[in-house]
There are 2 protein chains.
Amino acid sequence: MNVVNESPRRKELTRLAAQLFVQEGFDRTTVRMLAQEMGIKSGSLFHHFRDKQEILAAVIEEGTQNALTLARHALEQCGGSAEDRLHAMARAHLETLLTDRNAHVVALYEWRRLDSEARAHLSHLRDAYEALWEAVIDEALDDGLIRGDRFLVSRFVMGALNWTVRWYDPEGPRKPEDLAHELIAMIAPSTQAAQAVSTKV
Amino acid sequence: MNVVNESPRRKELTRLAAQLFVQEGFDRTTVRMLAQEMGIKSGSLFHHFRDKQEILAAVIEEGTQNALTLARHALEQCGGSAEDRLHAMARAHLETLLTDRNAHVVALYEWRRLDSEARAHLSHLRDAYEALWEAVIDEALDDGLIRGDRFLVSRFVMGALNWTVRWYDPEGPRKPEDLAHELIAMIAPSTQAAQAVSTKV
DNA sequence: GGTTTACACTAGCGCTTGCTTGGTTGAACT
DNA sequence: AGTTCAACCAAGCAAGCGCTAGTGTAAACC
């Protein structure tokens, strides 16, 4: 087995695996299918990954790690107002959902297939990401930008955003930027975003 | 095979199957596990269902059918204002998500495991349900209750609601009624619901 | 020049899978 | 009393599953 977790070959294989997992689902994707997609025989696969589970974990880790990095970066770059920060988070979320789409779909649909060990490790990553969201939502609440229960609002917003993987078409006219704008206009009535929307109608 | 689709025995078996599908996922649930849960042998299962796929279709159909019926009933019962109707839909949605939780979780997670035939049939049911939502959202837009793009708003709302199956705890203090209220307060600023929330804070 | 290392191969083991076959049972109906 | 029929069972087939063992090879390193 490959001891270096971050070999470039392994990264490429992880990317291909993500694609197959989305197409077929984790359970229906056989190691033989994975190997064929990678251009090797099924036995060779276990040189790179200890077992099939580890491939799943690698896919999800990759996606979550990227989301976390992107969100942190977006928060550093954006302005300091609550609206700016909320918008930056929504936009970053949608962008990672788009660029790492396969990995995130796998994370959303196949999370329960992880063994307890991998799940514990990845839960920490996910919690770190959600903590960013809750902090930004807290700011927006303190600022009076939005109203309601902290817990409920953050979950409603995450739900609305994550659901986009089911219907969003990257080829369509709407950009992630636009979606972020519309979402915030929907929940924060007295913003510039909302004014823009209401005058458009 | 059982020709009568609606035999009570079959309904009971469908209910049990839904539970197992949620616990294990469709692919990992074997016909032997299903049979054991039902108290019969695996061979006997195929007296009631043509194949494993048909069990999945039965589970999803049951849940979607109930959701549609409940939503229609809720719309008939409620008042005529846009806010009332929006609230009735949200509440009905959350209630069916709670009472038929297993079936809906299966519908959300295992939809892609349906063969094309079953998918076509069930898509119609689902479209009928979503049409109800879009009509109610149209009314709310016309009424000025909410703002934004019809398509986006309905998808954001459905996302927020469906995401609840991931975190909602029926044993907790929050009732479906409360969630519906909070959601509408979040997206429709000038309602009674929103006033209640803002004075509470 | 010899050893190590990364990556791939072939062959197949042991097990589980969805589903079929042929037959039994007991209650309901004629 | 005879017939029908839904419901169940025991046994097992053919295919596919994840994974292992043992080997080959070309490049990299000492």
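Computation of the quantities below employed the complete heavy-atom set of this structure, encompassing side-chain atoms and omitting hydrogens, waters and symmetry-equivalent molecules. In what follows, chains carry the letters A, B, and so on, assigned in the order in which the sequence lines appear, proteins first and then strands, with residues in each chain numbered from 1.
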*Asks:* For the helix from C:dG1-D:dC30 to C:dT30-D:dA1, how many degrees between its two end axes (five pairs per end), to the nearest 10°?
*Replies:* 10°
*Asks:* Grab the two heavy atoms, one from A:E110 and one from A:F26, that are nearest each other, plus how far apart they are.
*Replies:* OE2-N, 3.2 Å
*Asks:* CG of B:L45 versus P of D:dC8: gap in Å, rounded?
*Replies:* 10 Å
*Asks:* At under 4.0 Å, does any side-chain N or O of A:H48 touch on OP1 or OP2 of C:dA6?
*Replies:* no
*Asks:* Whole angstrom is fine here: how far is it from CD1 in A:I55 over to P in D:dC19?
*Replies:* 8 Å
*Asks:* Measure CE/A:M33 against C1'/D:dG18 and give the value in whole Å, please.
*Replies:* 14 Å
*Asks:* With under 30° as parallel and over 60° as perpendicular, where do the rings of A:H93 and A:Y129 fit, or are they tilted in between?
*Replies:* tilted
*Asks:* Quick one: is D:dC19 close enough that its OP1 or OP2 comes under 4.0 Å of any side-chain N or O from A:R50?
*Replies:* no
*Asks:* Please list, chain by chain and in numerical order, all residues satisfying salt bridge (Lys or Arg N to Asp or Glu O under 4.0 Å) with B:R174, sequence neighbours excluded.
*Replies:* A:D149
*Asks:* Is it true that B:R72 and B:E76 make a salt bridge, defined as a side-chain N closer than 4.0 Å to a carboxylate O?
*Replies:* no
*Asks:* Nearest whole Å is fine: how far is C:dC19 C1' from B:E54 CD?
*Replies:* 14 Å
*Asks:* Counting just side-chain N and O atoms, does A:H47 come under 4.0 Å of either OP1 or OP2 of C:dA8?
*Replies:* no
*Asks:* Ion pair present between A:E54 and A:R10, side-chain N to carboxylate O less than 4.0 angstrom?
*Replies:* yes
*Asks:* From C-beta outward on A:K52, which listed nucleotide comes closest to its side chain: C:dA8, C:dG18, D:dG18?
*Replies:* D:dG18
*Asks:* When you check the gap from the basic side-chain N to the acidic O, do B:R113 and A:E24 get nearer than 4.0 Å?
*Replies:* no
*Asks:* Please confirm whether the backbone N or O of A:K175 pairs with a side-chain atom of A:D178, one donor and one acceptor, at under 3.5 Å?
*Replies:* yes
*Asks:* Scan residues 35-42 of chain A against DNA chain C and write down, sorted by residue number, each residue with any heavy atom closer than 4.0 Å; if none is found, say none.
*Replies:* A:I40, A:K41
*Asks:* Within the 3.5 Å criterion, strictly below it, is a donor on B:H121 or B:E61 matched to an acceptor on the partner's side chain?
*Replies:* yes
*Asks:* Can you check whether any acceptor in the base of D:dG16 is under 3.5 Å from a donor in the side chain of A:R32, or vice versa?
*Replies:* no
*Asks:* Please confirm whether the shortest side-chain N or O distance from B:R10 to OP1 or OP2 of D:dA6 is below 4.0 Å.
*Replies:* no
*Asks:* What is the distance from CZ of B:R9 to P of D:dA7, rounded to the nearest Å?
*Replies:* 8 Å
*Asks:* Between A:E12 (CD) and C:dC7 (P), how many Å, whole number?
*Replies:* 13 Å
*Asks:* I'd like to know if A:E12 and A:R15 make a salt bridge, using a cut-off of under 4.0 Å between side-chain N and carboxylate O.
*Replies:* yes
*Asks:* Are the aromatic rings of B:F151 and A:W167 close, with centres under 6.0 Å apart?
*Replies:* yes
*Asks:* Between C:dC19 atom C1' and B:Q53 atom CD, what is the distance in whole Å?
*Replies:* 14 Å
*Asks:* Select base, sugar-phosphate, or nothing to describe what A:S44 touches, counting heavy atoms under 4.0 Å on all strands.
*Replies:* base
*Asks:* Taking CG from A:D27 and C1' from C:dG18, how many angstroms apart are they, rounded to a whole number?
*Replies:* 15 Å
